[in-house]
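Here the structure comes first, spelled out in structure tokens, and everything after it is commentary.
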There are 2 protein chains.
Amino acid sequence: MRTELDSDRDYSQQIARTIRDAILDGQLPADGRLPSESDLAAQFNVSRPTVREALKRLAAQNLIRTQRGASGGAFVNRLGFDEAQEHLVTTATLLLSMNRVDFETACESRFALERACLPLACARRAPAHLAALRAEIARQGTEGLSDEDFCASDVAFHRALVDAAANPVLSWHLAGAVEAMQPLMNMITFTARSRARIITLHQTLADAVAAQDAQAASTAMDALAAYTLELGGQIRARRARPAREGTSAG
Amino acid sequence: MRTELDSDRDYSQQIARTIRDAILDGQLPADGRLPSESDLAAQFNVSRPTVREALKRLAAQNLIRTQRGASGGAFVNRLGFDEAQEHLVTTATLLLSMNRVDFETACESRFALERACLPLACARRAPAHLAALRAEIARQGTEGLSDEDFCASDVAFHRALVDAAANPVLSWHLAGAVEAMQPLMNMITFTARSRARIITLHQTLADAVAAQDAQAASTAMDALAAYTLELGGQIRARRARPAREGTSAG
DNA sequence: GACCGATAATTGTCTGACAATTGAAAACGA
DNA sequence: TCGTTTTCAATTGTCAGACAATTATCGGTC
């Protein structure tokens with residue numbers, strides 16, 4: 001079988017698109033094996049390095065995985081939530097950093113989405129979720145915790161909160177939104193006072209979810225959003241001053 | 001400069017990760033030019049084809065673009081919202097299709113996220129947004145509109161609704177959620193009665209946003225979500241019967 | 001029957017080369 | 001001197017053939 005390609009175009013890109021579409025259409029089932037590189041090269045009438053470049057494109061999108069050895073080859077990946085999440089986070093992080101999205105916008109988006117999960121989380125939270133929430137709150141109160149670890153625990157708290165909604169698609173979306181904000185959140189240096197306040201808000205939030213009180217949870221979330229914005233505004237103000245002193249316009 | 005790589009590992013993958021991280025860290029600015037393939041090959045102490053495979057991985061993620069000719073090379077892409085959205089939709093579509101996510105879960109996720117936009121949309125909606133909403137509603141009432149076009153208009157309506165929140169990050173997330181559901185929505189055959197009901201609900205929603213009544217908008221959204229779920233349940237029931245007749249258990 | 005080595009298939013990588021493209025410098029003419 | 005054309009050099013895209021690394025499978029041996 002010879003598959004025709006447009007000449008004067010990027011072969012490897014065309015091949016990658018062809019195979020990708022075949023996967024999306026379901027012509028190649030998950031865990032199915034693609035023809036060997038040599039066979040593909042013969043089919044598309046190109047050299048093996050060109051086929052390999054196409055396969056690497058697909059591998060970068062987590063669409064296939066490759067395995068060496070006899071009975072090796074390229075296999076269609078069953079895209080799991082974990083890999084998809086990694087992808088989402090990468091894209092979201094890049095989007096935020098390369099488009100100079102301001103802290104306020106990213107923050108607003110993140111908390112708006114998270115607030116959407118609260119009613120479901122209140123309705124469905126299981127003991128395991130509540131335990132996870134409490135565990136992270138306890139960790140956040142640890143003496144001598146670095147800012148980085150505090151942020152990580154914060155992320156874990158919010159992910160547990162979202163997971164309580166028991167909707168994997170929702171969790172996927174939110175995980176992307178929350179994790180993509182990590183670089184922005186890491187700029188904040190958490191003083192003892194701000195930590196205490198955040199922990200209190202987390203506690204209120206956890207209590208509301210435990211009590212299945214969506215209204216109270218939403219209120220607590222609003223307060224947390226407002227306080228996060230306030231902290232963000234502080235660092236921005238602190239950054240604006242040295243910049244004006246240190247650099248000359250031009 | 002020689003950059004060390006782990007041996008007994010996939011070189012092209014390591015190189016891709018290294019460059020990707022450099023881009024994410026901002027060491028390589030947007031529209032900045034990477035060293036030539038030969039230079040990169042020398043730096044990483046590998047051959048040019050290996051470097052090329054790494055670059056193709058990055059190109060597949062829209063992180064770089066390549067250009068031939070003198071003063072050509074690989075350039076860091078400024079990842080715009082459009083490209084990022086395309087990426088998000090691809091990933092989300094694949095996620096839904098490959099993990100057999102049921103209609104209820106996807107639907108719940110989508111409407112929960114969309115509901116989160118309503119307060120902001122009510123607060124900030126501009127005349128242009130309202131006009132877009134009304135235009136789509138008018139289109140949905142067109143005689144002889146195909147199911148596909150009706151779906152497309154539905155997507156456009158909801159995107160306009162989200163855009164009214166005037167938060168690009170939020171719009172990005174929602175566009176992914178809404179568009180990824182298209183394949184599932186396209187299964188529904190919209191009868192005249194169901195169309196009329198949906199249009200009424202859209203009208204209620206648009207009116208509430210126009211009146212900046214977030215409470216009413218949320219109620220309308222709930223009704224729309226419930227009705228969409230009902231329609232989805234109908235097609236599932238309709239599908240279950242022929243399946244039982246046509247296939248033998250095996 | 002269990003264990004072990006040869007074998008074949010397949011991906012990963014290297015070397016060297018040529019084609020295609022494109023910007024820039026050099027040559028040329030007015 | 002200015003503008004046009006030609007040439008050139010840098011860079012990516014592709015090819016061909018080869019070898020190394022890995023791994024399942026098939027035989028052989030104990």
Side-chain angles (χ1 to χ4, degrees), chain A residues 1-20 22-23 28 31-77, chain B residues 1-20 22-23 28 31-77:
Chain A
M1 180 180 67
R2 285 266 179 101
T3 303
E4 296 297 324
L5 298 176
D6 289 348
S7 56
D8 71 50
R9 291 264 332 192
D10 201 334
Y11 286 163
S12 72
Q13 191 162 6
Q14 291 180 69
I15 295 171
R17 291 190 83 85
T18 303
I19 299 178
R20 194 201 69 165
I23 294 176
L28 297 168
D31 295 326
R33 183 178 173 281
L34 269 64
S36 76
E37 294 176 352
S38 307
D39 290 348
L40 286 174
Q43 279 181 29
F44 288 105
N45 203 25
V46 296
S47 71
R48 203 168 71 106
T50 303
V51 168
R52 279 183 63 76
E53 289 184 3
L55 293 181
K56 291 312 161 197
R57 292 182 118 105
L58 298 174
Q61 296 177 291
N62 267 318
L63 285 176
I64 61 171
R65 64 181 180 279
T66 54
Q67 200 169 3
R68 283 215 273 214
S71 78
F75 298 86
V76 178
N77 253 341
Chain B
M1 179 180 68
R2 284 267 180 103
T3 304
E4 295 298 325
L5 298 176
D6 288 350
S7 56
D8 71 50
R9 289 268 330 194
D10 200 331
Y11 286 162
S12 72
Q13 190 161 8
Q14 289 180 71
I15 295 171
R17 292 189 84 85
T18 303
I19 299 178
R20 194 201 68 165
I23 294 176
L28 296 168
D31 295 325
R33 183 176 174 282
L34 270 63
S36 75
E37 294 176 351
S38 307
D39 290 348
L40 286 173
Q43 278 181 29
F44 288 105
N45 201 26
V46 296
S47 70
R48 223 189 93 197
T50 304
V51 167
R52 279 183 64 77
E53 288 183 4
L55 292 181
K56 293 311 162 197
R57 294 181 115 106
L58 299 174
Q61 295 178 294
N62 267 317
L63 286 176
I64 62 171
R65 63 182 181 280
T66 54
Q67 200 170 2
R68 283 214 273 210
S71 77
F75 298 85
V76 178
N77 257 338

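Chain naming here is simple, since letters A, B, ... match the order of the sequence lines and numbering starts at 1 in each.
- At whole-Å resolution of the value, CZ in A/R65 and P in D/dT23 are 14 Å apart.
- Across the protein-nucleic acid pair, B/F75 atom CZ and C/dG23 atom C1' stand 11 Å apart, rounded to whole Å.
- An OP1 or OP2 oxygen of C/dG12 is reached within less than 4.0 angstrom by a side-chain nitrogen or oxygen of A/T66.
- For B/S38, the side chain to side chain contact (heavy atoms under 4.5 Å, CB included) criterion is met by B/S36, B/R48, not counting sequence neighbours.
- Residues of residues 51-64 of chain A that place a heavy atom closer than 4.0 Å to DNA chain D do not occur.
- Here B/L63 contributes atom CG and B/R20 contributes atom CZ; the two are 8.0 Å apart, rounded to the nearest 0.5 Å.
- Residue-to-nucleotide proximity on DNA chain D shows that, of B/S36 and A/G69, the 5′-proximal contact is made by B/S36.
- Side-chain contact between A/N77 and A/I64 is absent, with no heavy-atom pair separated by less than 4.5 Å.
- Checked against side chain to side chain contact (heavy atoms under 4.5 Å, CB included), B/A70 has no partners two or more places apart in sequence or in another chain.
- In this structure, the CD atom of B/Q14 is 13 Å from the C1' atom of C/dT13, given to the nearest Å.
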Can you tabulate the close N/O pairs, meaning under 3.5 Å, that link protein atoms to atoms of nucleotides 16-19 of chain D?
from	atom 1	to	atom 2	distance (Å)
D/dA18	N6	A/R48	NH2	3.4

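- Identified under the salt bridge (Lys or Arg N to Asp or Glu O under 4.0 Å) test for residues 51-67 of chain A, with sequence neighbours left out: A/D31-A/R65, A/E37-A/R52, A/R52-B/E53, A/E53-B/R52.
- Note that the CD1 atom of A/I15 and the CD atom of A/Q43 stand 10.0 Å from one another [nearest 0.5 Å].
- Residue contacts for B/R33: at a heavy-atom cut-off of 4.0 Å it reaches the sugar-phosphate backbone alone, with no base atom in range.
- A rotation axis mapping the C1' atoms of four pairs onto the next four is fitted at both ends of the helix from C/dG1-D/dC30 to C/dA30-D/dT1 over five pairs, and the angle between these axes is 10° to 10 degrees.
- Remark: C1' of C/dA17 and CD of B/E37 are 15 Å apart, rounded to the nearest angstrom.
- To the nearest 0.5 Å, the span separating OG1 on B/T18 from CG on B/L40 amounts to 10.5 Å.
- Taking both residues in full, the closest heavy atoms of A/S12 and A/A54 are given as O-CB, 3.3 Å, listed atom of the first, atom of the second, then distance.
- You'll find the side chain of A/F75 stays beyond 4.5 Å of the side chain of A/T66, heavy atoms only.
- Side-chain contact between B/I19 and B/L28 is present, with heavy atoms from C-beta onward closer than 4.5 Å.
- The nearest whole Å value for the distance from the CD atom in B/Q67 to the P atom in D/dT11 is 13 Å.
- The side chain to side chain contact (heavy atoms under 4.5 Å, CB included) test applied to A/S47 returns A/P49, A/T50, not counting sequence neighbours.
- Distance CG (B/L40) to P (C/dC14): 14 Å, rounded to an integer number of Å.
- When the nearest nucleotides of DNA chain D are assigned to A/S71 and B/G72 by heavy-atom distance, the more 5′-ward of the two goes with B/G72.
- What separates CD of B/Q13 from P of C/dG12 is a distance of 10 Å, to the nearest Å.
- OP1 or OP2 of D/dC15 has at least one side-chain nitrogen or oxygen of A/T50 nearer than 4.0 Å.
- The B/A70 side chain lies nearest to C/dG23 when the options are C/dG23, C/dG12, C/dA20.
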Check nucleotides 6-8 of chain D for protein N or O atoms closer than 3.5 Å to its own N or O atoms and list the pairs.
none

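- Put simply, OH on B/Y11 is 15 Å from C1' on D/dT22, counting in whole angstrom units.
- Contact check for B/L34 versus B/L55: side-chain heavy atoms found under the 4.5 Å cut-off.
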